[in-house]
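Here's the structure, in C-alpha cells; my notes come after.
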Amino acid sequence: MGLAKRIIPCLDVTDGRVVKGVNFLELRDAGDPVEIAQRYNDQGADELTFLDITASSDNRDLILHIIEEVASQVFIPLTVGGGVRKVEDVRRLLNAGADKVSINTTAVLNPKMVEDAAGRFGSQCIVVAIDAKKVDNQPFEWEVFTHGGRKPTGLDAVKWAQHMVRLGAGELLVTSMDRDGTKIGFNNPLNRAISDAVDVPLIASGGVGNLQHLVEGVTLGGADAVLAASIFHYGEYTVQQAKAYMQQHGIEVR
Amino acid sequence: MKNMNIAVVDYGMGNLRSVSKALEHVAPNHTVIVTSDPQLITEAERVVFPGQGAMPDCIRELDMRGLRQVVIEATHTKPFLGICIGLQMLFERSEEGDAAGLGVFAGSVKRFATANMHDAQGQKLKVPHMGWSQVEQAVVHPLWQNIANHERFYYVHSYYVCPEDQSLVAGSTCYPDPFTCAIAKDNLFAVQFHPEKSAQAGLQLLSNFVHWQP
C-alpha cells in the first residue's frame, strides 16, 4: 500500500493550440485541448503537463484559455511550463487552473524568482525544470543548459537541483538533453544522482522509446514520476498499457 | 425557497478554482460561491474549507478576513468538508511554524520525517508526499459511498494530522507508516487528499458530500 509511481503525458502547446495529441490523426480537431486531456484522463494518466512552446510572446497568454477549459472538465493535476518569467506569470497560470507551474530558464537567470514564487504560492506548486547534458570540460558530469539545450550555464546539475530545492522547488523535472528525442531511454545515472541528492520528487523526462524505459526510469533512475510525449501521442502505447507493463515489472501504479 | 448555496471559503491562500469547478461539475443544481463574506458562509447550505500553502499563513489570512468564528460555527452546524490544510487547521497546533490552529479538535499536525523514509522496495520516499496513495476506510460513511476501499486519491502535503480522539478517524493512508487522512464527526468530514484532483473517485466523494444529509 504505497505511493504509486506517476505517468505523465506531456502536451506541447503553441499559439493556444495543442500541437501533439493522442494519436491525433483520429481526432476531428487535433488541437482540441479538452478532448485530448480527457482522453489521457480516461486512459488513467496521473497528471498532465502542458508545455508552451509559443515562439512569440504576443500569443503566450493563449495557453491560459486552454488551462481554464481543461481545468473545468478534467480533474487530475495539471502542470504548465514554458515561458514562465515572473511571479505574476505563475499567479495567472494558477488562477487559470494549473496546479503546478514549471520554471526553467528563468530559474537560472533569476533564481530569486523561484524563491519568491514558492514563498507566495507554496512549494507544492513550484516545479523547477532542469535541462542537463553530459559534459567533458567541467569538474562534474552533467551541466545545466538553458534555452532549449542551447546555452551552457557552467552549473553542476546535481548541485543546482539541491540549490533549487533549498529555494523552494517542490518537485524537479529533469530532462536529459542527450536523450531527448532519441527514444533510447532516460538518462538514469543523471536522474539517480539527482534523486538521491534531494528530498523532493523527481520527474524523469527525455528519451522514452518503449515501456521498458519507463520501468528503468523508476528502478534505475529513482524517478517518482515518468514523463513521456511521443510514445503516447502517436498511439504507440496507451497510458493503460504503460501502467500494465510497469505493474508486471513490480512497480506500483494507480 | 431552500438555499442551495455551497460556500467555498476563500481567505486569499491560493487557487480555489479547481475546488469550485469540481463542485460545479458534480452539483449542477447548486450554486457554488467562492467567498470571503462571513454572511454568505453563514447562510450557505454547505461549506467547503480548502487550503494550500503553509498553515501559519492560512490561519493569519483567515483571521485577517474575520472568518475564524463563522468557520468554527459551520463545523458544528452544517455539512462541512475540509480539504488539505482545511483539515489541518481544525486541530490545536501544527509543527509548521509552531502555529496554533482553530482547535475544533484536540490533536496536533506533524511533519513527515525527511530522512530515512523508504518504501517496501527500499526506494527513498520523498517529502512532500506527492501523488496517488490508497485510502483505507476506517468507518462506513455516506461520503465513502460508491468508493472502493483502498481507492487511490491524489495527495500533496508534508504535514499530517494526529487526532487525540481516535473515534474521529474515517480513513488512513500509509507513507510509509499509517497516518490519518480523513476524519468524520456528525456534520463534518475532512480529508488530507485533494478530491478535486483525484479523478473519478474524487468527484464521487464530492458528489457524496453535496447529497449528504447528516
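Source: prediction; values computed, not measured. Any value given below was found using the heavy atoms of this structure, including those in side chains, with hydrogens, waters and symmetry copies removed. We name chains A, B, ... by the order of the sequence lines, and we start the count at 1 in each one.
A perpendicular orientation is assigned to the rings of B/F189 and B/W144, their planes being inclined by more than 60° (bins at 30° and 60°). By the 30° and 60° cut-offs, the orientation of the rings of B/Y11 relative to B/F49 is tilted. Between B/F105 and B/F91, the ring planes are tilted. Angles from 30° to 60° get that label.
With chain B as partner, the option from A/S123, A/P77, A/G250, A/S72 having the largest number of non-hydrogen pairs under 4.5 angstrom is A/P77. In terms of non-hydrogen atom pairs under 4.5 Å with chain A, the most contact-rich of B/E151, B/H194, B/M130 is B/M130. Counting heavy-atom pairs closer than 4.5 Å to chain B, the top-ranked of the candidates A/A71, A/S195, A/G170, A/G122 is A/S195. Highest contact tally toward chain B, considering only A/N41, A/D99, A/D196, A/L202, is held by A/D99 [criterion: heavy-atom pairs under 4.5 Å]. Heavy-atom pairs under 4.5 Å with chain A peak, among B/S133, B/S18, B/S158, at B/S133.
We find that A/R85 and A/D89 are not joined by a salt bridge, their nearest charged nitrogen and carboxylate oxygen being 4.0 Å or further apart. The residues B/D10 and B/R65 are annotated as not salt-bridged, no charged nitrogen and carboxylate oxygen being separated by less than 4.0 angstrom. A salt bridge links B/D57 with B/R60; the closest basic N to acidic carboxylate O contact falls under 4.0 Å.
The contact between A/E68 and chain B is made by backbone and side chain atoms together, counting heavy-atom distances below 4.5 Å. With a threshold of 4.5 angstrom between heavy atoms, A/T219 approaches chain B through N, CA, C or O but not through any side-chain atom. Residue A/V218 touches chain B through both its backbone and its side chain, counting heavy-atom pairs closer than 4.5 Å. Looking at B/H129, the atoms closer than 4.5 Å to chain A (heavy atoms on both sides) all sit in the side chain, from C-beta outward. Of the two parts of A/R6, only the side chain, counted from C-beta on, holds a non-hydrogen atom closer than 4.5 Å to a non-hydrogen atom of chain B. Of the atoms belonging to A/A96, it is backbone heavy atoms, and not side-chain ones, that fall under 4.5 Å from chain B. Of the atoms belonging to A/D46, heavy atoms from both backbone and side chain fall under 4.5 Å from chain B. Neither the backbone nor the side chain of B/A54 comes within less than 4.5 Å of any heavy atom of chain A. Neither the backbone nor the side chain of A/A225 comes within less than 4.5 Å of any heavy atom in chain B.
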Audit row: A/Q212, A/Y245, side chain to side chain donor-acceptor pair (under 3.5 Å) steps and yes/no: CA-CA 8 Å; A/Q212 182 60 26; A/Y245 188 88; 2.6 Å; yes
Verdict with supporting geometry, B/Y160 and B/Y175, ring-ring contact (aromatic ring centres under 6.0 Å, His included): CA-CA 10 Å; B/Y160 59 96; B/Y175 195 71; 9.8 Å; no
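Checked against a 6.0 Å centroid threshold, the rings of B/Y155 and B/F193 count as neighbours.
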